[in-house]
Q: 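Got a structure for you, questions after.
Here is how names work: the chains are called A, B, and so on, in the same order as the sequence lines, proteins then strands, and each is numbered from 1.
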Amino acid sequence: MYKFEEYSEGIVIKDVKDFNIKHIFDCGQCFRWNEDKDGSYVGVANKRAVRIIQKDNDIYLKGGKAQDKDFWEYYFDLKRDYGEIKNKLKNDDVLNEAIKYGEGIRILNQEMFEIVISFIISANNRIPMIKRAVENISRSFGDKIEFEGKTFYSFPTPDKLYKVSADEFKSLGVGFRGEYIASAVKDIVEGNISLDEVSKLQTDDAHKELTKLKGIGPKVADCILLFSMQKHDAFPVDVWVKRVMQHFYLAPDVSLNKIRQFGRDKFGDLAGFAQQYLFYYAREFKGKEGF
DNA sequence: CCTCAGGGCTCTC
DNA sequence: GAGAGCCCTGAG
């Protein structure tokens with residue numbers, strides 16, 4: 001069982017299992033962590049800037065505070081037994097293979113508003129571009145956090161973005177999604193939708209509510225459900241998962257909605273976890289075997 | 001159910 | 001250099 005300890009520069013989570021920072025930060029669920037040459041990651045989560053260093057089964061959170069241990073436990077989903085999840089998914093031959101590549105994946109519990117905006121930006125976009133836009137928005141409207149002699153920025157609250165125009169968002173690199181972001185912020189601040197309330201709904205109902213917002217279609221809604229609302233039966237179908245599903249399970253012309261239904265039926269409560277292993281797996285094949 | 005346009009940048013040719 | 005494609009959605 002893992003445990004938190006303090007060390008000279010922060011806190012450390014000792015004896016973690018099923019935990020690999022590269023797999024976690026590289027499986028497409030988050031946009032605010034950047035890898036350094038030494039393999040450590042620096043980033044900001046809910047106003048906390050830290051450097052994360054993995055040494056075997058110990059996770060060092062440089063700059064982490066002892067009073068934040070509950071937060072990090074939640075953020076990294078530490079209470080969940082990923083070994084058990086993987087054992088169940090391994091009954092499927094494709095997953096059995098996929099898990100070998102991303103065995104240390106965990107689904108982060110991220111802040112809802114940040115995830116809503118980040119995944120609106122993700123539509124028809126590339127990961128480096130998404131990261132840049134999210135960073136620009138944070139730098140312009142978030143709070144300063146000093147760490148390691150540099151200035152980091154928290155992702156802004158809805159209020160901070162309320163008066164920001166679509167054109168201003170566009171100037172920060174979000175492209176045509178500027179209108180969607182401005183509209184979603186307006187709906188959230190004015191109370192046309194409550195993310196807290198949505199998160200309490202059943203997955204299908206929550207999905208329906210989220211897709212009422214401009215810029216949120218079925219895929220983005222599934223990402224929000226999975227990465228910030230703990231709806232682990234959500235199955236986001238992006239291009240990579242689409243390719244992997246069509247390659248291993250389905251015909252090449254099956255629609256996105258059919259793939260989504262297939263995944264949810266096949267993997268049930270574990271669909272979201274399966275999706276993450278499949279996404280990571282698919283990206284390993286980039287440029288090979290027709291991917 | 002379908003098709004298509006829509007930042008801007010990067011990779012491919 | 002042009003062209004395709006990008007963790008896709010909205011409009012038609």
Q: Please tell me whether A/F267 and A/F273 form a close aromatic pair, meaning their ring centres lie under 6.0 Å apart.
A: no
Q: When rounded to the nearest Å, what value does the distance between P atoms of B/dG7 and C/dG12 take?
A: 16 Å
Q: Checking all strands, does A/Q275 fall into the base, sugar-phosphate, or nothing category for heavy-atom contacts under 4.0 angstrom?
A: nothing
Q: Check for me whether the distance between the ring centres of A/F31 and A/F227 falls short of 6.0 Å.
A: no
Q: Hey, which sits more toward the 5' end of DNA chain C by its nearest nucleotide, A/I216 or A/D238?
A: A/D238
Q: Using a strict cut-off of less than 4.0 Å between a Lys/Arg side-chain nitrogen and an Asp/Glu carboxylate oxygen, indicate whether A/D77 and A/R80 qualify as a salt bridge.
A: yes
Q: Whole angstroms only, please: what is the CE-P distance between A/M129 and C/dA4?
A: 19 Å
Q: Taking A/D187 first and then A/K212, would you say they form a salt bridge - that is, a charged N and a carboxylate O separated by under 4.0 Å?
A: no
Q: Mind checking if A/L213 touches a base, just sugar-phosphate, or nothing, with heavy atoms under 4.0 Å?
A: sugar-phosphate
Q: Which whole-number value in Å describes the distance from A/I120 CD1 to B/dG7 C1'?
A: 16 Å
Q: Considering heavy-atom distances to DNA chain C, does A/T211 or A/F227 have its closest nucleotide positioned more toward the 5' end?
A: A/F227
Q: Grab the CZ-C1' distance between A/R126 and B/dT12 for me, whole Å please.
A: 11 Å
Q: Taking it one step at a time, do A/I259 and A/Y249 satisfy side-chain contact (heavy atoms from CB on, under 4.5 Å)?
A: CA-CA 9 Å; A/I259 298 171; A/Y249 297 99; over 6 Å; no
Q: So what does the secondary structure string of DNA chain B come out as, 5' to 3', with Watson-Crick or wobble pairs under 3.5 angstrom, [ ] for crossing and | for pairs with another strand?
A: .|||||.||||||
Q: Would you mind classifying the nucleic acid contact of A/P236 as base, sugar-phosphate or nothing, using non-hydrogen atoms under 4.0 angstrom?
A: nothing
Q: When you measure from every atom of DNA chain B, which of residues 176-187 of chain A have a heavy atom less than 4.0 Å away?
A: A/F176, A/R177
Q: Tell me if B/dG7 is syn or anti. Syn = glycosidic torsion within 90° of 0, anti otherwise.
A: syn
Q: Can you run down the side chain to side chain donor-acceptor pair (under 3.5 Å) pairs that involve residues 119-129 of chain A, sequence neighbours left out, and say none if there aren't any?
A: none
Q: C/dG5 base to A/N124 side chain: any donor-acceptor pair below 3.5 Å?
A: no
Q: Whole Å only: how far is the NZ atom of A/K242 from the C1' atom of C/dC6?
A: 12 Å
Q: Using a strict threshold of under 4.0 Å (side-chain N to carboxylate O), is an ion pair present between A/E9 and A/R51?
A: no
Q: If we take the P atom in both B/dT3 and C/dG5, what is their distance in whole Å?
A: 15 Å
Q: Can you tell me the distance, in whole Å, between the NZ atom of A/K170 and the C1' atom of B/dG6?
A: 10 Å
Q: Looking only at the aromatic ring of each residue, does the gap between the centers of A/F25 and A/Y41 stay below 6.0 angstrom?
A: yes
Q: Run A/Y281 and A/Y101 through ring-ring contact (aromatic ring centres under 6.0 Å, His included) and show every step you take.
A: CA-CA 6 Å; A/Y281 186 42; A/Y101 289 81; 5.1 Å; yes
Q: To the nearest Å, how far apart are A/F169 CZ and B/dG6 P?
A: 22 Å
Q: Check this for me, if you would: do A/E84 and A/K88 make a salt bridge, where the nitrogen-to-carboxylate-oxygen distance has to be below 4.0 angstrom?
A: yes
Q: In whole angstrom, what separates A/K219's NZ from C/dG10's P?
A: 13 Å
Q: Of all the nucleotides listed (B/dC1, C/dT9, C/dA11), which has the minimum atom distance to the side chain of A/V220?
A: C/dT9
Q: In this structure, how many angstroms lie between the P atom of B/dC11 and the CD1 atom of A/I127, rounded?
A: 13 Å
